[in-house]
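What follows is a set of notes on a single structure, which appears directly below.
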Amino acid sequence: MADTRAQLRSTTVVLGGMGLLAAALTACSSSSPDKRCVDRDSYTAGKGYHVVSDKNCRSATPVNGDYYYGGKKKGDWVRSGSFTPPRKSSGGSGGSGGDDSHSVHRGGFGGGHGSSGG
């Protein structure tokens, strides 16, 4: 019986440690994707947008600079990305699409709807 309890404690510690490791890895991997300053007026079908200095996106310059997210970079050009910044993920499940940072989600298995009798 003592061996069973020790086994359960050991398993709990390992599983708890794995949860912490998963949370740490998720936090590290949620860094922002590639973000580059590009000249919006430089688009060509074969190359995409010309990558320019970040100062063109931070202040008024003659270049029509804007941040471009993701995409494939080849030399000084980038394509297949977006000017829309990616959403920040909270790491939890959700998915209404709106700002639900103030909502409370309760319930375990089954979503917490209704009541269970017994």
Inset, instruction - Search all heavy atoms of Val52 against all heavy atoms of Val38 and return the closest pair with its distance. - result: CG2-C, 3.8 Å

Legend entry - Within residues 58-68 or reaching into it, pairs that qualify as side chain to side chain donor-acceptor pair (under 3.5 Å) - sequence neighbours excluded: Arg40-Asp66, Asp41-Asn64, Asn56-Thr61

Legend entry - Contacts of type salt bridge (charged side-chain N to carboxylate O under 4.0 Å, His left out), residue Arg79, not counting sequence neighbours: none

Inset, instruction - Can you see which heavy atom on Gly65 is nearest to which on Cys57, and at what distance? - result: C-SG, 3.6 Å

Inset, instruction - For the pair Tyr49 and Tyr43, name the ring-plane relationship: parallel under 30°, tilted 30 to 60°, perpendicular over 60°. - result: tilted

Legend entry - Any Val51 side-chain heavy atom under 4.5 Å of Lys73 side chain: yes

Inset, instruction - Indicate the atoms forming the closest heavy-atom contact of Arg36 with Gly71, along with that distance. - result: NH1-O, 4.4 Å

